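The next block holds one structure in the form of structure tokens; read it before the comments.
Ligands are counted one by one from 1 in listed order, and the atoms in each one are counted from 1 as well. In this text, all values refer to a predicted model and were calculated from it rather than measured experimentally.
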Amino acid sequence: MNEVFQSLDMVLADAAAHLQRAARDRRSPMHVPVVGTADGDLRMMVLRDCAPDLGLLRFHTDARSAKAGVIADGAPVSVLAFDPEAKLQLRLRGMGRIEQQGPVADAAWAAATPYARRCYLAEAGPGTPADGPCSGLPTEVEGAKPDEAQLLPARDNFAVLLIEPERIDWLYLAHNGHRRAQFARGQDGWQGAWVVP
Ligand SMILES: Cc1cc2nc3c(=O)[nH]c(=O)nc-3n(C[C@H](O)[C@H](O)[C@H](O)COP(=O)(O)O)c2cc1C
């Protein structure tokens, strides 16, 4: 059988290419991975950025959300993504942190569209009990594009979730036999090893 992935370097480059594409292409099946927290909870989140060396992932969230409270200044976080066409599963683990202020959060906020920023106008945080079905948004911006003045209070609720992956598990499905590799990040970068799938 011809090996598609002949080296661990190829595998790592493949993982990085998939996640970088996922961050910029909303049609990528890895655009919305599952993010897990140490309390056992899971949720889907839009991947916003992936560093070329897989050293940092960025997501956006509401600073009042349950996950933001669990992760806070630093906590273990996992990321799970699957691309059925590429037959590729990626699992990443590392430390996550929530940043509400600072250059990364400011740049992410500035680059977000008005509709994306509108989510953070909800008057009560995600998961707050409600009297009935509701969006939580002020009625004047429901179904409407908010203007910059209306969006001002939303910035206080916006945060970035930054994850520094320390472990990567790469699994490629193939009829003739799957392939699997694991990587750990050390002082000299990623160290990889093949493992039995
Ligand atoms: C397709 C999809 C994309 C989502 N993207 C995000 C996101 O980028 N950020 C986010 O905080 N929640 C996102 N959510 C909502 C979360 O999955 C989750 O319901 C919400 O953040 C509350 O999670 P928590 O209670 O764990 O904080 C998304 C949900 C779906 C279905």
Side-chain angles (χ1 to χ4, degrees), residues 15-16 18-51 54-86 88-138 141-143 145-146 151-165:
H18 270 91
L19 290 177
Q20 288 199 281
R21 185 190 143 211
R24 60 174 187 266
D25 181 359
R26 56 202 294 269
R27 287 163 305 172
S28 159
M30 292 190 167
H31 185 57
V32 191
V34 174
V35 177
T37 36
D39 59 352
D41 215 345
L42 304 164
R43 75 286 292 155
M44 304 185 77
M45 295 181 77
V46 176
L47 177 64
R48 306 288 177 171
D49 195 28
C50 171
L54 291 166
L56 192 69
L57 306 179
R58 174 166 54 86
F59 297 85
H60 296 173
T61 196
D62 194 305
R64 302 166 294 178
S65 65
K67 73 182 100 42
V70 171
I71 300 167
D73 290 340
V77 177
S78 55
V79 176
L80 171 65
F82 177 56
D83 183 332
E85 211 169 294
L88 176 66
Q89 172 185 263
L90 290 178
R91 298 154 70 194
L92 297 89
R93 280 187 289 152
M95 288 299 285
R97 66 180 186 276
I98 297 290
E99 284 187 9
Q100 266 185 278
Q101 306 300 332
V104 179
D106 284 345
W109 181 253
T113 65
Y115 281 113
R117 284 186 270 164
R118 186 181 62 172
C119 301
Y120 303 94
L121 278 175
E123 285 154 340
T128 304
D131 292 337
C134 68
S135 70
L137 293 172
V141 298
E142 243 184 0
K145 181 174 158 186
L151 283 169
L152 278 178
R155 175 63 184 87
D156 284 346
N157 301 325
F158 175 78
V160 291
L161 162 60
L162 301 175
I163 303 175
E164 293 184 18

Polar-atom distance check: H60 versus ligand 1, any N or O pair below 3.5 Å?
yes
Identity and distance of the protein heavy atom lying nearest atom 11 (O) of ligand 1:
T61 OG1, 2.7 Å
Only heavy atoms count here, so choose which of R26, H31, M44 is nearest to atom 12 (N) of ligand 1.
M44
Considering only protein heavy atoms, which is closest to atom 3 (C) of ligand 1, and at what distance to one decimal place?
V32 CG1, 3.6 Å
For residues L19 and M30, determine if any side-chain heavy atom of one lies less than 4.5 Å from a side-chain heavy atom of the other.
yes
Is the shortest side-chain N to carboxylate O distance from D49 to R24 below 4.0 Å?
no
Spell out, as yes or no, whether a donor-acceptor pair under 3.5 Å connects the side chain of R118 to the backbone of V141.
yes
Could you tell me the residue and atom name of the protein heavy atom closest to atom 8 (O) of ligand 1, and the distance to it rounded to 0.1 Å?
V46 N, 3.0 Å
Would you indicate whether the side-chain heavy atoms of R48 and V160 approach each other to under 4.5 Å?
no
Here the gap from R97 atom CZ to I163 atom CD1, rounded to the nearest 0.5 Å, amounts to 10.5 Å
For the residue pair Y120 and F158, does the interplanar ring angle fall in the parallel (under 30°), tilted (30 to 60°) or perpendicular (over 60°) class?
perpendicular
How far is atom 24 (P) of ligand 1 from its nearest protein heavy atom, and which residue and atom is that?
K67 NZ, 3.7 Å
Nearest to atom 19 (O) of ligand 1, what protein heavy atom do you find, and at what distance?
R43 CB, 4.7 Å
With backbone taken as N, CA, C and O and side chain as the heavy atoms from C-beta onward, which portion of A66 lies under 4.0 Å from ligand 1: side chain, backbone, both, or neither?
both
